[in-house]
Amino acid sequence: MDVEKDLENIAEEIRKCTDCQLYRNRKNAVPGEGSIEKGIMIIGEAPGYNEDLQGRPFVGKAGKLLEDLLSIAGLKRDEVFITNVVKCRPPNNRQPEEAEIDTCSKYLEKQINTIKPKIIVCVGNVSSNFIFKKFGLKFESMNKLHGKIFQISNLKLQTLIIPTYHPAAILRNLNLLPLAKEDWEKIGEILK
Ligand code: URA
């Protein structure tokens with residue numbers, strides 16, 4: 001079983017996808033990228049302007065902050081697999097619609113089933129809501145659940161799920177930064 005090859009096949013499917021309206025305005029789909037070696041997946045919401053231009057996740061301002069937060073956990077961006085719930089940019093960076101998430105989530109499901117991550121860091125509400133629901137958990141709110149660790153163990157997967165604030169939300173409200181830093185310190189502790 002060649003995980004890298006399977007991921008590239010999924011990425012190819014994503015680049016060709018026309019299953020929802022978002023493909024019409026995209027410059028590039030953004031399948032995700034990074035290493036599967038450590039078994040860490042970082043899951044965001046959807047590509048923004050810069051990600052759409054480059055076809056790579058988290059390459060704008062939010063991406064720079066994500067890299068800073070990763071470094072608190074002792075991680076470099078190329079040591080984790082970074083992706084989003086939705087793979088094409090919603091117009092004007094609006095939140096992805098429920099129908100778009102429903103249509104696109106098959107790709108994230110495939111990526112998760114292929115990587116079989118040991119840790120999933122859900123970055124932001126959209127990602128946390130999606131992942132919690134997928135594993136039969138209720139995501140109450142980020143303020144209540146950020147930095148908490150949820151253990152999932154089923155036939156397909158054994159993983160820890162950790163929700164934390166989206167870097168874009170932190171850039172809008174810098175009061176969240178110390179809370180996010182604590183979350184990433186905790187992630188660093190788990191990795192030791
Ligand atoms: N915000 C996200 O949620 N994902 C990206 O890739 C970039 C910004």
Side-chain angles (χ1 to χ4, degrees), residues 7 10-11 13-15 17 20 22-23 25-36 40-73 75-112 115 117 119-134 139 141-143 145-147 161-174 176-177 179-180 183-184 187:
L7 285 174
I10 299 166
E13 268 186 76
I14 293 169
R15 290 187 195 104
C17 182
C20 85
L22 294 182
Y23 85 93
N25 293 314
R26 77 179 171 219
K27 298 240 173 354
N28 290 288
V30 181
E33 65 181 25
S35 167
I36 51 168
I40 303 172
M41 273 183 98
I42 312 291
I43 304 177
E45 178 178 317
Y49 176 80
N50 291 292
E51 291 74 21
D52 175 65
L53 278 185
Q54 295 188 36
R56 300 179 57 213
F58 282 101
V59 289
K61 266 193 212 151
K64 175 72 188 71
L65 178 53
L66 178 63
E67 287 175 25
D68 293 344
L69 292 167
L70 282 166
S71 76
I72 293 174
L75 293 165
K76 299 200 184 75
R77 79 171 272 149
D78 61 5
E79 293 178 316
V80 297
F81 191 87
I82 305 178
T83 189
N84 289 299
V85 176
V86 166
K87 312 301 192 191
C88 294
R89 181 191 181 210
N92 304 315
N93 296 345
R94 65 157 168 75
Q95 270 211 0
E97 291 170 0
E98 248 350 280
E100 291 159 355
I101 294 174
D102 283 351
T103 305
C104 200
S105 59
K106 57 183 175 279
Y107 298 121
L108 179 59
E109 300 266 3
K110 284 188 194 185
Q111 289 171 321
I112 292 173
I115 296 172
I119 297 179
I120 297 176
V121 183
C122 299
V123 169
N125 288 310
V126 168
S127 163
S128 301
N129 267 312
F130 176 80
I131 292 292
F132 271 59
K133 202 161 148 198
K134 167 177 165 60
F139 184 69
S141 75
M142 193 57 90
N143 287 338
L145 297 184
H146 74 93
I161 295 173
I162 305 158
T164 188
Y165 292 100
H166 195 291
I170 302 170
L171 290 172
R172 286 192 297 269
N173 174 9
L174 286 177
L176 299 176
L177 185 58
L179 303 175
D183 295 348
W184 286 95
I187 294 165

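Whatever order the structure lists them in is the order used to number ligands and atoms, beginning at 1. Numbers for residues simply follow the sequence, beginning at 1.
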Self-check item: Atoms in ligand 1 with a heavy atom of P57 nearer than 4.0 Å
Solution: 6 (O)

Exercise. May I ask you to decide whether R94 forms a salt bridge with E100, counting only side-chain N to carboxylate O separations under 4.0 Å?
Key: yes

Quiz item: Of the protein's non-hydrogen atoms, which lies at the shortest distance from atom 4 (N) of ligand 1, and what is that distance?
Solution: N84 OD1, 2.7 Å

Practice problem: Would you mind finding which of A62, A46, G44, A168 brings a heavy atom closest to atom 5 (C) of ligand 1? | Solution: A46

Exercise. Establish, from distance only, whether the side-chain atoms of Y165 and N143 form a donor-acceptor pair under 3.5 Å.
Key: yes

Quiz item: So is H166 in contact with ligand 1, going by heavy-atom distances below 4.0 Å?
Solution: yes

Quiz item: Should I43 and V121 count as side-chain neighbours, where that means a heavy-atom distance under 4.5 Å?
Solution: no

Quiz item: Relative to ligand 1, is E45 under 4.0 angstrom through side chain, backbone, both or neither, heavy atoms considered?
Solution: both

Practice problem: Go through the steps to decide whether R77 and E33 satisfy the test salt bridge (charged side-chain N to carboxylate O under 4.0 Å, His left out), and finish with yes or no. | Solution: CA-CA 9 Å; R77 79 171 272 149; E33 65 181 25; 2.8 Å; yes

Quiz item: Can you say whether the rings of F58 and H166 are parallel (under 30°), tilted (30 to 60°) or perpendicular (over 60°)?
Solution: tilted

